[in-house]
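Read the structure below first, then the notes.
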Amino acid sequence: LFPLNHKLPLEEMSAMVLKVVAGSFEVAVKMSAPFIVISLILSIGGGILSRLMPSIQIFFVMAPAQILLGFF
């Protein structure tokens, strides 16, 4: 509840909003960390394979594998 004859405590509100946004971002990164790591490893491996075999579209071939590993 806010008193009617006082101004709003904007400093406290902005600090609270900052804490909530930072906390939700932290939870989101922790939840998605396994997917980020798998995607990074597959992208690095695909980049190496595309340099070794330039005649094959590696990322087109690796897309189903990346989706399946994401589900796993």
Side-chain angles (χ1 to χ4, degrees):
L1 297 175
F2 300 111
L4 294 175
N5 56 357
H6 293 96
K7 63 181 185 175
L8 294 174
L10 295 178
E11 296 84 19
E12 294 175 12
M13 284 186 197
S14 63
M16 185 63 180
V17 167
L18 183 66
K19 284 181 185 178
V20 168
V21 169
S24 63
F25 186 75
E26 181 183 0
V27 169
V29 169
K30 285 181 180 180
M31 288 177 66
S32 64
F35 301 106
I36 293 171
V37 170
I38 288 172
S39 176
L40 183 65
I41 290 171
L42 285 176
S43 294
I44 291 171
I48 292 171
L49 281 176
S50 71
R51 289 290 184 169
L52 292 174
M53 298 183 293
S55 62
I56 298 175
Q57 296 293 327
I58 295 296
F59 290 105
F60 181 74
V61 173
M62 288 185 56
Q66 188 173 11
I67 292 170
L68 288 174
L69 282 176
F71 283 146
F72 181 67

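If you're wondering where the values come from, they're calculated on a predicted model, not measured in any experiment. When a residue number appears, it is its place in the shown sequence, counting from 1.
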Original post:
Which residues pass the side chain to side chain donor-acceptor pair (under 3.5 Å) test with Lys30, sequence neighbours left out?
Top reply: Glu26

Original post:
Transitively linked via ILVMFWY side-chain contacts under 4.5 Å: Phe59 with Ile56?
Top reply: no

Subject >> Pairwise distance CG(Leu49) to CG(Leu42) - rounded to 0.5 angstrom >> reply: 10.5 Å

Original post:
Can you get from Val61 to Ile58 by hopping between Ile, Leu, Val, Met, Phe, Trp and Tyr side chains that sit under 4.5 Å apart?
Top reply: yes

Original post:
Is there a path from Leu52 to Ile44 through hydrophobic residues (I, L, V, M, F, W, Y) whose side chains come within less than 4.5 Å of each other?
Top reply: yes

Original post:
More than 12 non-hydrogen atoms from neighbouring residues, nucleotides or ligands closer than 6.0 Å to CZ on Phe35, yes or no?
Top reply: no

Original post:
Can you list every pair that meets side chain to side chain donor-acceptor pair (under 3.5 Å) and has a residue in residues 49-67, with sequence neighbours left out?
Top reply: Ser39-Gln66

